[in-house]
Protein chains: 2
Amino acid sequence: MVKMTIKDIAKEAGVSTATISRVMNNSGYVSEEIKQQVLEVIRKFNYQPNAIARSLKQEKSRSVGIVLPDMTNPYFMKIARSIQHRCFQQGYHLLFIDTEENPEKEREALEFLTEKRVEALILAGTGENKDQIQAISDSGIHVILADRRFSNLKLDTVTEDNIYASKSAIEYLLEKKHTRIGIINGPKTISTARERRQGAIIGLEEAGITPSNEFMFEGDYTRESGIEGIRYFSQLPDRPTAIFSANNEMTFGLYLGLQELRIPLDSIEVVSFGNLEFSSLFHHKLSVIMQNPQELGETIGDLLIKRLNGDADSVQNIILMPHLVPSK
Amino acid sequence: MVKMTIKDIAKEAGVSTATISRVMNNSGYVSEEIKQQVLEVIRKFNYQPNAIARSLKQEKSRSVGIVLPDMTNPYFMKIARSIQHRCFQQGYHLLFIDTEENPEKEREALEFLTEKRVEALILAGTGENKDQIQAISDSGIHVILADRRFSNLKLDTVTEDNIYASKSAIEYLLEKKHTRIGIINGPKTISTARERRQGAIIGLEEAGITPSNEFMFEGDYTRESGIEGIRYFSQLPDRPTAIFSANNEMTFGLYLGLQELRIPLDSIEVVSFGNLEFSSLFHHKLSVIMQNPQELGETIGDLLIKRLNGDADSVQNIILMPHLVPSK
DNA sequence: TTACGGTATGTAAACGATAACATACTAGAT
DNA sequence: ATCTAGTATGTTATCGTTTACATACCGTAA
């Protein structure tokens with residue numbers, strides 16, 4: 001069974017292709033009589049216009065690329081889901097690519113997407129490929145940076161206030177009388193990690209504590225590097241009594257590491273960025289900085305639709321506020 | 001900055017568009033000299049062929065639809081990631097749609113995807129829209145059912161052995177001397193739920209126990225229905241001492257429910273389908289039936305590529321084996 | 001010499017829509 | 001009667017590729 005084209009339908013209905021097109025798109029003049037007749041034929045043969053041909057003619061792909069570092073991290077997927085919703089409503093589809101935090105894969109992904117002629121690009125980047133991203137934006141494709149930004153690029157961003165949140169995380173731990181606070185951070189190529197570090201440092205300095213390099217562990221936002229982080233801290237002569245962890249995956253690794261090292265899970269007080277699904281079942285000293293990926297996604301979705309509809313407002317930098325949820 | 005077309009490049013290089021096409025696709029005859037010359041121009045202008053035009057001409061969209069019931073469930077996303085990998089390698093892109101277990105959304109999604117002329121469809125369905133799916137398959141689009149199947153449809157399926165796994169879950173609980181085993185299941189519209197129920201019943205009957213309806217709770221695979229399930233069981237006069245839960249989300253809800261009811265989390269022995277990320281940190285009596293979404297995804301990906309490459313082997317029904325991981 | 005197969009390149013017709021333009025009819029205004 | 005604006009429909013170029021076909025050249029075998 002082969003798909004019918006507009007020509008077949010035109011022949012069947014005894015009218016021209018233009019008339020079919022007008023009926024399909026509710027544009028131009030068509031008499032009520034012919035319209036019904038055409039609709040009848042369309043129904044009869046279950047005709048669906050070829051979106052590819054339409055895209056070519058209109059020079060609009062009706063597609064949006066979305067490049068994420070980890071498709072299995074619910075944080076990113078919640079962002080993605082909200083965006084997808086919005087797009088689907090408007091007839092756009094999303095091309096997802098998971099870079100697994102690998103800049104080379106990211107480069108390929110961007111190439112792939114421009115070839116597919118996406119009209120917009122949503123990116124939570126690895127921090128590399130800056131030039132390529134700028135070039136994409138310059139070529140007229142709308143770019144929105146999600147969660148992670150680049151300095152010096154004039155692009156729309158929708159992010160969360162990492163500095164503020166990290167600062168409050170540290171303040172919270174200081175209030176609980178911790179003075180030796182270990183920090184498990186992401187890679188400094190990524191803006192969120194840089195900002196979380198910066199916020200933590202501000203928090204410490206305002207309390208009169210000099211941040212020590214010894215208490216800074218640079219991971220890569222993966223579970224494995226959370227394990228490595230706690231391995232590192234546990235062998236210090238003067239172990240930290242609290243940890244600030246910069247994302248949920250590393251926090252998960254941190255607990256796996258504690259388990260591996262046979263250290264009681266509640267012997268260390270933890271504040272973690274990002275929602276940990278299980279934290280509410282957990283009776284350990286785990287506080288989380290609740291992010292709001294859904295709101296992030298909705299915000300991005302709205303901005304995206306505005307841009308796709310040709311709203312050429314100046315560059316937007318939207319910053320959402322996460323909030324700390326203390327352990328029970 | 002506007003994209004260059006093959007004509008622009010042809011003009012720049014002083015050759016015909018056919019030659020450019022031949023260079024791009026490494027097809028037909030092109031002299032080494034011209035080839036280099038053309039490549040030079042392509043590089044210079046950073047020319048990328050328009051994938052949409054190519055699709056139209058070749059009548060191949062190079063896209064695959066994937067319809068999932070929950071984009072934030074890592075189980076499905078691990079499947080998706082493996083598939084996406086395989087597709088990306090082959091120049092295909094995936095159109096993801098999240099139906100949120102809503103048959104009406106699923107219907108729209110399928111419509112949308114056929115309009116976008118996907119060459120194949122991967123579906124973990126809600127259990128409805130059977131006719132539509134059959135029609136899609138009949139129209140020449142490759143359909144692969146993932147995780148969930150339909151009875152009476154002659155379609156490729158890649159699933160897990162739910163009957164076997166559920167049976168062993170029950171056997172495990174019986175071995176631990178539980179006789180009152182509550183079952184929190186998914187909706188019977190979905191094949192996995194039917195099979196998991198069936199396996200559980202076989203397990204009970206083989207042990208000489210008559211399955212009671214009172215101990216069967218039909219949820220809908222959501223967290224919320226896990227909470228409802230445990231609420232229901234906890235008000236029974238003769239409460240179950242163990243629960244078999246048919247997916248990870250409901251199990252999570254089950255624990256949230258226990259917490260809400262102020263029942264100690266380890267007062268009930270649980271066997272759950274699906275990996276629970278946190279189970280390894282959990283000291284409660286939680287055993288899991290480990291599924292292997294990655295392998296599922298890879299298997300689907302391989303089959304998909306075979307189908308896309310025109311391998312017309314007979315319908316495949318591949319069944320993978322999950323295994324039970326007892327609580328510590 | 002002629003014929004032929006391999007190599008190299010160009011010309012032009014598709015693919016399936018949309019939309020600019022042309023054409024024709026109707027009714028009301030002048 | 002003529003003009004005009006509105007309505008209704010058809011014709012055809014076009015979007016950017018691929019590819020079937022045409023053309024031409026070269027060297028070698030008959």
Side-chain angles (χ1 to χ4, degrees), chain A residues 1-39 41-42 45-63 91 112 114-119 139-140, chain B residues 1-39 41-42 45-63 91 112 114-119 139-140:
Chain A
M1 255 243 274
V2 87
K3 280 273 177 188
M4 289 222 138
T5 73
I6 201 171
K7 277 189 197 162
D8 303 323
I9 299 298
K11 190 174 289 176
E12 287 287 340
V15 297
S16 73
T17 62
T19 299
I20 306 294
S21 177
R22 282 189 275 256
V23 171
M24 293 297 300
N25 299 295
N26 260 314
S27 64
Y29 294 111
V30 188
S31 69
E32 193 54 31
E33 195 197 335
I34 294 265
K35 184 173 172 182
Q36 289 311 322
Q37 197 176 312
V38 167
L39 285 174
V41 177
I42 288 173
F45 293 98
N46 213 337
Y47 167 68
Q48 285 188 305
N50 183 325
I52 295 175
R54 176 183 284 163
S55 283
L56 178 61
K57 172 62 191 177
Q58 297 188 325
E59 304 183 55
K60 286 199 182 292
S61 65
R62 311 232 99 202
S63 70
F112 182 84
T114 50
E115 198 152 321
K116 296 283 185 180
R117 296 296 191 271
V118 293
E119 294 179 41
S139 79
Chain B
M1 254 243 274
V2 89
K3 280 271 175 185
M4 288 222 138
T5 73
I6 201 172
K7 278 189 195 162
D8 303 323
I9 299 298
K11 190 173 287 175
E12 287 289 339
V15 298
S16 74
T17 62
T19 299
I20 307 293
S21 177
R22 284 191 273 257
V23 171
M24 294 295 301
N25 300 295
N26 260 314
S27 63
Y29 294 110
V30 188
S31 68
E32 193 53 32
E33 195 196 334
I34 294 266
K35 183 174 173 181
Q36 290 310 322
Q37 198 175 307
V38 167
L39 285 174
V41 176
I42 287 173
F45 292 98
N46 212 337
Y47 167 68
Q48 285 188 307
N50 183 325
I52 295 175
R54 176 182 285 166
S55 283
L56 179 60
K57 173 63 192 173
Q58 298 188 323
E59 303 183 60
K60 285 196 181 295
S61 65
R62 312 233 99 201
S63 69
F112 183 83
T114 50
E115 199 151 322
K116 296 285 185 177
R117 295 296 192 271
V118 293
E119 295 179 40
S139 80

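In what follows, every chain begins at residue 1, and chains take the letters A, B, ... in the order their sequences are listed.
In terms of heavy-atom proximity, B:G91 sits nearest to A:K116 at O-NZ, 3.4 Å. In this structure, A:K60 and A:S55 approach most closely via the heavy-atom pair O-OG, 2.9 Å.
Distance CD/A:Q48 to CD1/A:I42: 11.0 Å, rounded to 0.5 Å. Annotation: the span from B:R117 atom CZ to B:E59 atom CD amounts to 10.0 Å, rounded to 0.5 Å. For the atom pair A:I20 CD1 and A:M24 CE, the distance stands at 9.0 Å (nearest 0.5 Å).
Contact annotation for A:T17: base contact, defined as any heavy-atom pair under 4.0 Å involving a base atom. Using a 4.0 Å heavy-atom distance criterion, B:I20 is classed as making no nucleic acid contact. Nucleic acid contact class of A:I52 (heavy atoms, under 4.0 Å, all strands): none.
Considering only side-chain atoms of B:P49, the nucleotide from C:dT18, D:dT17, D:dT9 that sits closest is D:dT17. Here C:dA19 is the nucleotide among C:dA19, C:dA8, C:dA17 with the atom lying nearest to any side-chain atom of A:A18. Taking the side chain of B:A53 as heavy atoms from C-beta on, and the options D:dG16, D:dT19, C:dT9, the nearest nucleotide is D:dG16. Among the nucleotides D:dT18, D:dA8, C:dT9, the one closest to any side-chain atom of B:K57 is D:dT18. Checking D:dT17, D:dT18, C:dA19 against the side-chain heavy atoms of B:Q58 singles out D:dT18 as nearest. For A:Y29, the listed nucleotide lying nearest its side chain is D:dT9; candidates were D:dT9, D:dT17, C:dA17. Of the listed nucleotides (D:dA8, D:dG10, D:dT18), D:dG10 has the atom at the smallest distance from the side chain of A:S16. Each of C:dT9, C:dC15, C:dT18 was ranked by its minimum atom distance to the side chain of B:T19; first place goes to C:dT9.
Remark: P of D:dG16 and CG of B:N25 are 17 Å apart, rounded to the nearest angstrom. Put simply, CG on A:N50 is 18 Å from P on C:dA14, counting in whole angstrom units. Taking atom CD1 of residue B:I6 and atom P of nucleotide C:dG10, one finds them 12 Å apart after rounding to whole Å. To the nearest angstrom, C1' of D:dG16 lies 14 Å from CE of B:M4. Look at NZ on A:K7: it is 9 Å from C1' on C:dC15, rounded to the nearest Å. Across the protein-nucleic acid pair, B:I34 atom CD1 and C:dT7 atom P stand 17 Å apart, rounded to whole Å. Rounded to whole Å, atom P of D:dT18 lies 12 Å from atom CZ of B:R62. Remark: P of D:dG10 and NZ of A:K11 are 14 Å apart, rounded to the nearest angstrom.
Put simply, the side chain of A:R117 and the base of D:dG16 share no donor and acceptor less than 3.5 Å apart.
Both A:R22 and A:T5 lie near DNA chain C, and the one whose nearest nucleotide falls closer to the 5' end is A:T5. Between B:E59 and B:G28, it is B:G28 whose nearest contact on DNA chain C lies nearer the 5' terminus.
OP1 and OP2 of D:dT19 both lie 4.0 Å or more from every side-chain N or O belonging to B:S21.
Shown are A:V41, A:I6, A:V38, A:T5; of these, the side-chain contact (heavy atoms from CB on, under 4.5 Å) with A:Y47 is made only by A:I6.
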